[in-house]
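Notes follow once the structure below has been shown.
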Amino acid sequence: MALMDFIKKQFIDIIQWTEEGDGTLAWRFPMRDMEIQNGGTLVVRESQMAIFVNEGQVADVFGPGTYKLTTQTLPVLTYLKNWDKLFESPFKSDVYFFSTRQQIDQKWGTPQPITIRDKDFGAVRLRAFGNYAFRIADPKLFHTEISGTRESYPVADLEGQLRGLVLQNISNAIAGSGLPFLDLAANQVMFADALTKELAPIFAKLGILIESLTVQNVSLPEELQKILDQKIGMGMVGNDMAKFMQYQTAQAIPKFAENSGGGSGIAGDAMGLGAGVALGQVLAQNLQQGLQTPVAPAAAAAAQAAAAPVGVKPEEVMATLEKLGDLKSKGILTQEEFDAKKAELLKKLI
């Protein structure tokens, strides 16, 4: 009886795969020292596909269903085996199962900012991240290109390659969408669709179908975001340089007072606030002079005398120059505007 049990164990009657967990894309049915019984049963569950591989060559492919293994259900394998009639003896062949379920919440993101061309800002460095879902669509192609003869192939072994393909095609997707950065950030669904379109044929070469892709965020590096905020501020005041500088001055006075050195407590606060007020007066005067319409010489002289700051100190002029230099370095002031204001301030020291 023991000998008969041993013999029976060498033949496989039912071939199936019951997935025990998530994350496995391909699994090879254990065939060591065993053969498939003539008339055996192949069970392929929903969300699975199976292939028979004979001597390294992919033979038959099966979708969901239950199959009795005969020459009728194994036409390619029958041809490879040269069976001219119903085979009577057991045979040996490798059987691989593939999970066709969606592999969801696969993360992607730019570890470093990438540089793209933008209609509004020229060259822009941006960051983006999101997730995507994929499934195996062509098990034969996936077997020959990716999983091969391994006993099992997990999602973790493929996710790095797929993430790299996503990042590689971001620039092409943005160029294909035709959207400038500001519109891109506001139309993330359109960006995701453009990126999916770029990736679909590339994933298909691996036997994979990309089911969905989301873009959860598109942003600039911090230093570029500050410049963008300044440009937005300019737009809010109608690109009026005078109004923008007045706003910048008002914003800078409290910080200037807080950071002013040379004292502490009430005395230090008074010194800082006084310097900040003087800075505001100098900038306001210069801006007003640049925007005034021509008036009678006597009236202009009277207005200038009334607006002139009393007792401007050298350190206050230097502080103003530093502020103007910072605005020039950020592109808010041109070199010509900076030189003109600089000349006016330096005249006060003579």
Side-chain angles (χ1 to χ4, degrees), residues 22-26 47-49 98-148 153-232 235:
D22 297 329
T24 302
L25 294 173
S47 76
Q48 292 181 354
M49 294 188 75
F98 298 85
S99 174
T100 57
R101 292 187 294 129
Q102 286 196 46
Q103 306 299 323
I104 62 173
D105 198 25
Q106 305 298 308
K107 307 293 186 182
W108 67 270
T110 53
Q112 299 295 331
I114 61 172
T115 302
I116 63 167
R117 289 188 177 275
D118 184 76
K119 294 181 179 179
D120 295 334
F121 302 107
V124 173
R125 292 187 300 129
L126 61 79
R127 290 190 176 99
F129 65 84
N131 60 13
Y132 64 96
F134 72 92
R135 72 164 80 239
I136 293 177
D138 187 337
K140 181 178 179 180
L141 185 58
F142 186 83
H143 171 76
T144 56
E145 295 292 332
I146 302 296
S147 60
Y153 195 92
V155 175
D157 287 2
L158 185 63
E159 62 182 1
Q161 174 68 17
L162 297 184
R163 187 185 304 115
L165 291 174
V166 174
L167 299 180
Q168 182 180 3
N169 286 273
I170 287 179
S171 297
N172 293 338
I174 294 175
S177 69
L179 293 173
F181 170 76
L182 292 179
D183 294 336
L184 191 69
N187 293 276
Q188 295 180 2
V189 173
M190 188 178 296
F191 177 27
D193 291 342
L195 186 52
T196 301
K197 184 177 179 180
E198 287 287 330
L199 293 172
I202 300 173
F203 277 40
K205 292 179 181 179
L206 305 177
I208 295 172
L209 173 66
I210 182 166
E211 287 285 351
S212 62
L213 184 144
T214 66
V215 178
Q216 298 174 354
N217 182 266
V218 180
S219 62
L220 295 173
E222 184 177 355
E223 63 275 13
L224 293 181
Q225 186 63 51
K226 292 179 180 178
I227 296 176
L228 177 60
D229 290 342
Q230 291 174 347
K231 286 183 176 290
I232 293 174

Quick one: pull up [atom1] in [X] and [atom2] in [Y] and give me the separation to the nearest 0.5 Å.
X	Y	atom1	atom2	result
Asn172	Ile116	CG	CD1	11.5 Å
Leu195	Ile210	CG	CD1	7.0 Å
Glu198	Leu165	CD	CG	12.0 Å
Ile208	Leu25	CD1	CG	7.5 Å
Ile136	Ser47	CD1	OG	11.0 Å
Tyr132	Thr214	OH	OG1	11.5 Å

Is any side-chain heavy atom of [X] less than 4.5 Å from a side-chain heavy atom of [Y]?
X	Y	result
Pro139	Thr100	no
Phe134	Leu199	no
Asn131	Gln106	no
Leu126	Ile114	yes

*Step through the shown structure and confirm whether more than 12 heavy atoms of other residues, nucleotides or ligands are within 6.0 Å of CG on Asp157.*
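Yes - once you tally the heavy atoms of other residues, nucleotides and ligands closer than 6.0 Å, there are more than 12.
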_Testing Thr196, Leu213, Ile170 one by one against Phe191 for a side chain to side chain contact (heavy atoms under 4.5 Å, CB included), which residue passes?_
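The option that passes is Ile170.
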Closest heavy-atom pair and its distance - [X], [Y]:
X	Y	answer
Ala173	Ala194	O-CB, 3.7 Å
Gly109	Leu167	O-CD2, 3.1 Å
Gln102	Ala133	OE1-CB, 3.6 Å
Asn217	Ser219	OD1-OG, 3.4 Å

*Tell me, which pairs form a salt bridge (charged side-chain N to carboxylate O under 4.0 Å, His left out) where one or both residues lie in residues 199-220, sequence neighbours left out?*
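Every pair satisfying salt bridge (charged side-chain N to carboxylate O under 4.0 Å, His left out) with a residue in residues 199-220: Arg135-Glu211.
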_Expected output: side-chain Gln161 to main-chain Glu159 donor-acceptor under 3.5 Å_ =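 Not confirmed, Gln161 side chain does not pair with Glu159 backbone.
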*Give a yes or no answer on whether the side chain of Thr110 reaches the backbone of Ala128 with a donor-acceptor pair at less than 3.5 Å.*
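Judged by distance alone, yes, a pair lies under 3.5 Å.
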*salt bridge (Lys or Arg N to Asp or Glu O under 4.0 Å) with Lys107: which residues, sequence neighbours excluded?*
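Only Asp105 meet the salt bridge (Lys or Arg N to Asp or Glu O under 4.0 Å) criterion with Lys107.
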*salt bridge (Lys or Arg N to Asp or Glu O under 4.0 Å) against Arg117, all qualifying residues, sequence neighbours excluded*: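 Here no residue qualifies.
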